[in-house]
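Notes follow the structure.
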Amino acid sequence: MLGVDGAHRVVQCGPNAEAVIGRAPGDLIGRPAAALVTEDAKADLEALLEAISQGQERTAVLPVRRGDGGTDDAVVTAQPMVGEVAGPAGALLFVRVALPPSERYQDPALMRRALMDDPLTRFGASLDLDQSARGLVDVIVPHYCTTASVLVLESLVAADEVHAESGSAVLRRIAVTSDDNDPRWTATFPVGEVLIYPEGTPYREVLDTARPVHLPHVSTQAAGDIAGKWRRGPAGTLLDGVSMVLLPLIARDTLLGFIACTRVPGFRRFDAYDVEIGMEFAARAAIVIDNARLFSRERATALALQRSLLPNRLTAPSSVEVRHRYLPGSKLVEVGGDWYESIALPGARAALIVGDVAGHGVRAAVTMGRLRTALHTLANLELPPADALHVMHELMIELGEQEPHFATCVYAVYDATTGSLEIASAGHLPPLLVGPDGTKEYLRVPPAPPLGVVGGAAIESREFAVEDGSVFVIYTDGLVENRGRDIDDGLDRLQAVFGEDTATRSMEDMAKATLAGVYADHHRDDIAVLISRLKRLPADRVASWTLPADPAAVRRARGFVRGKLDEWGLSELTYATELLASELITNAIRYATGGSDLRAAPPGIELRLLRERTLVCEVLDRSAALPRLRHASDDDENGRGLLVVSELTRRWGTRRTPTGKVVWCEQIIPGVDPEPEEPEAAWPGEAHHRE
């Protein structure tokens with residue numbers, strides 16, 4: 001610090017002038033201030049001093065002459081003097097130069113302030129483990145050391161439970177930096193490396209003891225010994241002559257990893273006080289790392305919960321295309337109470353479901369998981385939509401005894417053989433049906449209260465005839481309603497997504513378009529959307545015959561089956577299918593009335609073959625009695641028919657109809673995969689945030 005009078009001459013000099021610029025106070029006092037800088041910088045210094053007359057403070061970077069004839073770039077600040085002074089005002093000149101390497105870490109107070117104040121707060125604000133580690137090394141270098149790396153337990157990176165581990169723990173290096181950007185450091189100690197340090201190295205010692213390891217000077221022999229045990233030759237060259245401190249990261253009495261700090265030759269070596277400052281920084285940094293670990297674990301738990309609750313894949317008949325979108329309502333809690341489902345049912349039918357549990361977060365997600373599992377089971381039992389939702393309603397009332405909950409749901413079953421769509425709704429928003437010509441209509445379904453709400457109208461279903469190529473859209477309220485928009489505006493916006501090109505437009509494009517504009521709304525509710533393009537099975541893949549309740553009908557049925565399979569090129573399935581049709585028709589004739597008189601069976605037995613991804617054989621009759629599989633005794637004359645059916649087919653089952661029942665069985669067609677194609681994403685939630 002120098003005092004300059006109105007004539008721009010040095011009249012006062014601080015005691016450290018010789019240490020800063022290598023010139024004694026006696027050499028400076030009385031000389032023009034311009035003598036401090038080089039010839040090229042004199043005009044800039046004069047400009048700083050001229051601003052003093054106007055009471056302004058100015059700063060510039062100027063080359064300052066040293067006493068040994070050299071120059072240093074210095075930050076020079078001219079500050080006006082305050083007071084009643086006759087004549088031109090004087091000024092204070094503050095000259096700041098960088099410390100030489102040997103003195104760079106001399107001031108402990110400066111080092112502590114640089115580590116503990118604003119920088120720690122800045123990088124500690126992140127909850128991302130990698131970002132926190134990068135911010136950590138950017139603070140510790142250059143304020144504490146010249147090179148640093150952060151290593152943490154591999155279980156911490158994997159978001160697993162972290163336990164106290166010994167020196168043989170598996171570590172991962174998540175951040176490395178050096179103040180000179182020497183690429184040899186990142187090449188020898190690469191980010192992302194997973195490793196176990198060998199015994200006899202200081203790295204192993206810090207893990208074994210969970211205490212700082214201080215090596216004031218690493219000799220050539222010691223560096224070579226570390227490199228030899230580690231079998232990493234370049235490490236010996238880089239560590240030769242350095243001063244090293246390994247700072248353990250300990251939070252909640254658990255070792256999370258450590259920070260490796262080095263000062264290369266030419267800089268002041270670490271001493272015991274430096275280790276104390278470093279441990280204070282490491283203790284605070286460990287809290288930041290632990291917070292990032294906890295957040296990563298919670299997020300991994302939420303994502304795992306979401307993966308387990310959402311369907312693994314959506315299935316549908318081959319003539320039906322299905323796409324979905326799911327978007328959680330919160331960036332921190334990535335689960336919610338909305339769900340969707342598409343289930344391929346026997347007989348070329350599809351169950352299309354969307355539901356919404358009231359509330360957000362894990363509790364709503366758990367209730368959603370229960371309901372989705374129950375409804376999936378009811379769908380596979382082939383209950384009609386209204387009956388399935390009634391069972392769900394009773395379940396919600398039972399769950400509400402423990403914790404009040406209610407949910408809305410829309411359940412539709414599309415029959416690809418008849419083109420009919422049966423829909424039941426419990427307090428849910430109306431489905432949207434878009435015709436192949438672009439006509440749009442919100443379907444009117446008999447209203448009913450949400451599941452779990454006692455009282456109100458009973459749940460009923462309604463059947464609609466659907467044109468081929470129509471698009472059916474079911475969704476949750478988060479798509480059309482938010483705080484700043486009326487629900488009618490949201491319904492209009494959803495309709496506007498679909499136009500005259502709906503019949504030919506890509507399903508993926510339509511799915512993306514439904515979420516256009518909702519990502520920016522940070523206060524949105526959960527969103528689930530299920531879009532289906534509905535088409536009937538081609539007529540040449542369906543064959544049906546009406547048979548009389550006569551034992552002779554069995555022989556006729558075998559003939560019909562044989563002819564149709566020859567036409568479809570499935571002759572290799574003829575024998576098994578004839579046998580299956582015979583058993584099912586015989587059961588319909590014999591057991592429809594519960595007696596053994598074949599002539600007493602009701603009329604109107606229908607045999608139907610469907611060629612889908614599998615070959616389905618169905619027998620429809622007017623009896624509500626459902627057959628069941630049983631194991632007949634050796635002396636029983638009956639009871640083996642369904643056992644034969646179960647052995648010869650991939651699966652079989654029954655379902656009730658308004659006029660009776662259907663017994664069906666399914667065979668694999670050679671060369672055809674019975675399962676639908678896997679979705680494009682590895683799991684349904686993976687594509688939820690893609691626009």
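Only this structure's heavy atoms are used, side chains among them; waters, hydrogens and symmetry mates stay out.
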Inset, instruction - Carefully, step by step, assess Arg608 and Thr417 under the rule side chain to side chain contact (heavy atoms under 4.5 Å, CB included). - result: CA-CA 11 Å; Arg608 190 164 71 163; Thr417 62; 3.2 Å; yes
Legend entry - Worked verdict on Leu352 versus Leu534 for side chain to side chain contact (heavy atoms under 4.5 Å, CB included): CA-CA 11 Å; Leu352 307 171; Leu534 308 178; 4.2 Å; yes
Inset, instruction - Apply side chain to side chain contact (heavy atoms under 4.5 Å, CB included) to Leu570 and Thr577, showing your working. - result: CA-CA 10 Å; Leu570 300 176; Thr577 309; over 6 Å; no
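In plain terms, the two heavy atoms of Ala407 and Met396 that are nearest each other are N-CE, 3.8 Å. In plain terms, the two heavy atoms of Glu572 and Gly569 that are nearest each other are OE1-O, 3.9 Å. Across Arg611 and Trp568, no two heavy atoms sit closer than the pair NH1-O, 3.3 Å. Across Val320 and Ser532, no two heavy atoms sit closer than the pair CG1-CB, 4.5 Å. Pairing each heavy atom of Asp526 with each of Asp338, the nearest pair is O-OD2, 2.9 Å.
One finds the CE atom of Met510 at 6.5 Å from the CD1 atom of Ile531 (value rounded to the nearest 0.5 Å). Here the straight-line distance linking atom CH2 of Trp339 with atom CG of Leu371 works out to 5.0 Å at 0.5 Å rounding. Separation of atoms CD1 (Ile585) and CG (Leu547) is listed at 5.0 Å; rounding is to 0.5 Å. The CZ atom of Arg655 sits 12.5 Å away from the CG atom of Leu383 when rounded to the nearest 0.5 Å. Of the inter-residue distances, the one linking Thr657 atom OG1 with Leu620 atom CG reads 6.5 Å to the nearest 0.5 angstrom. Taking CG of Asp540 as the start and NZ of Lys564 as the end, the distance is 8.0 Å to the nearest 0.5 Å.
Proximity of a side-chain donor or acceptor of Thr614 to a complementary backbone N or O of Ile668 within less than 3.5 Å is not detected. Glu612 places a side-chain N or O within donor-acceptor distance of the main-chain N or O of Ser318, the cut-off being under 3.5 Å. Under a 3.5 Å cut-off, the side chain of Lys440 and the backbone N or O of Phe498 do form a donor-acceptor pair. For Tyr442 (side chain) and Leu491 (main-chain N/O), a donor-acceptor pair under 3.5 Å exists by modelled atom type. Counting only distance, with no hydrogens or angles, the side chain of Arg533 and the backbone of Thr502 share a donor-acceptor pair below 3.5 Å.
Salt-bridge check for Asp673 with Arg613: failed, with every basic side-chain N at 4.0 Å or more from each acidic carboxylate O. Looking at Arg622 and Glu606, no side-chain N of the basic residue comes within less than 4.0 Å of a carboxylate O on the acidic one, giving no salt bridge.
Between Tyr340 and His324, the ring planes are parallel. Angles under 30° get that label, and only those over 60° would be called perpendicular.
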For a quick test of your reading: what N or O donor-acceptor pairs under 3.5 Å do the side chains of residues 643-651 make, sequence neighbours left out?
residue	atom	partner	partner atom	Å
Ser646	OG	Leu642	O	3.4
Ser646	OG	Leu643	O	2.8
Thr649	OG1	Val645	O	2.7
Arg650	NH1	Glu666	OE1	2.6
Arg650	NH2	Glu675	OE2	2.7
Arg651	NE	Glu666	OE1	2.9
Arg651	NH2	Glu666	OE2	3.4

Please list, one pair per line, the donor and acceptor atoms closer than 3.5 Å that link side chains of residues 451-471 to other protein atoms, with sequence neighbours excluded.
residue	atom	partner	partner atom	Å
Ser461	OG	Glu422	OE2	3.0
Arg462	NH1	Arg444	O	2.8
Asp468	OD1	Arg536	N	3.0
Ser470	OG	Glu467	O	2.8

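When the shell of 6.0 Å around CD of Glu500 is examined, it contains 12 or fewer heavy atoms from other residues, nucleotides or ligands.
A search for side chain to side chain contact (heavy atoms under 4.5 Å, CB included) contacts involving Val672 returns Ile669, not counting sequence neighbours.
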